[in-house]
Amino acid sequence: MPAFWLIKSEPDVFSYADLTQAGREPWNGVRNYQARNFLRQMQEGDLCLFYHSNARPPGLAGMARVVRAAYPDDLQFDPASEYYDPRSDPENPRWSMVDVAPVLALPRLLPLDELRDLPAWQDSPLTRKGTRLSVFPVTGEQVREALAAVGVALPPAGGSSPA
């Protein structure tokens, strides 16, 4: 059974529509140790709720699947990248990334205000003030409840739905 995650991106930087157009994308540039540790726990086949942050309104836009488990984030070694980390050692990389692919575009954005009203989301890091992690685990109940709120069911394990 896959694990469930929430990944955040600002839609003006990289939106769910961008992921759908790309077909597959590395989830790189994460520079928070706790979020990095969550990335390192992700396995191929895990499902991710794709959240548009810093948007008006912020909310869930789609679902993605991890298609490659954690590996070294190449941006940490690129001096031209804003995510360059001169202290990261190629023999023991500090930062990781995963690859994700689109699974399901939600029929409508599920805004944060509506998520806050769902019982399974009451104590989520997403709905608590002050939590800014860009990657964190969510429960199957949270995923099912969020999808039900927009009228869709959880995609079958291992399969894919139209993006």
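One-based numbering along the sequence shown. Just the heavy atoms: all of them, side chains too, but no hydrogens, waters or symmetry mates, feed the values below.
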Going by the rule side-chain hydrogen bond (donor to acceptor under 3.5 Å, both in side chains), which residues pair with [X] if we only count those two or more places apart in sequence or in a different chain?
X: R31; answer: D73
X: D123; answer: R128
X: S96; answer: R40
X: S88; answer: Q76

[X] side-chain N/O to [Y] backbone N/O, donor-acceptor pair under 3.5 Å:
X: S81; Y: D78; value: no
X: N37; Y: Q34; value: no
X: E145; Y: Q142; value: no

Identify every side-chain donor-acceptor pair in residues 51-59 under 3.5 Å, counting partners at least two apart or on other chains, and give the distances.
from: H52; atom 1: NE2; to: Y16; atom 2: N; distance (Å): 3.0
from: N54; atom 1: ND2; to: E10; atom 2: OE2; distance (Å): 3.0

Treating Ile, Leu, Val, Met, Phe, Trp and Tyr as nodes and any side-chain heavy-atom pair under 4.5 angstrom as an edge, say whether W121 and L109 lie in one connected cluster. no
Do M97 and L75 belong to the same hydrophobic cluster, where Ile, Leu, Val, Met, Phe, Trp and Tyr are linked whenever their side-chain heavy atoms lie under 4.5 Å apart, directly or via other members? no
With sequence neighbours left out, write down each residue that passes side-chain contact (heavy atoms from CB on, under 4.5 Å) with [X], or none if nothing qualifies.
X: R87; answer: D85, R94
X: Q122; answer: none
X: A148; answer: none
X: S9; answer: F14, W27, F50

So do [Y] and [X] actually touch side chain to side chain, heavy atoms under 4.5 Å?
X: L126; Y: L6; answer: yes
X: T127; Y: L112; answer: yes
X: V143; Y: V138; answer: yes
X: P2; Y: Q43; answer: no

So W5 and F38, side-chain contact (heavy atoms from CB on, under 4.5 Å) or not? Walk me through it. CA-CA 9 Å; W5 306 92; F38 289 141; 3.7 Å; yes
Sequence neighbours left out, cut at 3.5 Å: what donor-acceptor pairs do the side chains of residues 99-108 make with other protein atoms?
from: D99; atom 1: OD1; to: Y71; atom 2: OH; distance (Å): 2.5
from: D99; atom 1: OD2; to: R24; atom 2: NE; distance (Å): 3.3
from: D99; atom 1: OD2; to: R24; atom 2: NH2; distance (Å): 3.2
from: D99; atom 1: OD2; to: Y71; atom 2: OH; distance (Å): 3.4
from: R108; atom 1: NH1; to: E114; atom 2: OE1; distance (Å): 3.4
from: R108; atom 1: NH1; to: E114; atom 2: OE2; distance (Å): 3.2
from: R108; atom 1: NH2; to: E114; atom 2: OE1; distance (Å): 2.9
from: R108; atom 1: NH2; to: A149; atom 2: O; distance (Å): 3.2

What is the minimum heavy-atom distance between [X] and [Y], and which atoms define it?
X: I7; Y: M42; answer: CG2-CE, 4.0 Å
X: A35; Y: V30; answer: CB-CG1, 3.6 Å
X: L115; Y: A146; answer: CD2-CB, 4.1 Å
X: A69; Y: V98; answer: C-CG1, 4.0 Å

Rounded to the nearest 0.5 Å, how far does CG of L19 lie from CD of E25? 7.0 Å
How far does CG of L60 sit from CG of L147, to the nearest 0.5 angstrom? 8.0 Å
Residues 79-111 vs ring pair (Phe, Tyr, Trp, His ring centres under 6.0 Å), sequence neighbours excluded, gives Y33-W95
What verdict does the side-chain contact (heavy atoms from CB on, under 4.5 Å) test give for V66 and C48, after you've listed the backbone C-alpha separation in whole Å, the side-chain angles of each residue and the deciding distance to 0.1 Å? CA-CA 7 Å; V66 176; C48 306; 3.8 Å; yes
So M63 and L154, side-chain contact (heavy atoms from CB on, under 4.5 Å) or not? Walk me through it. CA-CA 9 Å; M63 180 170 277; L154 185 64; 4.1 Å; yes
Residues at least two apart in sequence or cross-chain that pass salt bridge (Lys or Arg N to Asp or Glu O under 4.0 Å) with R144, listed by chain then number, are none
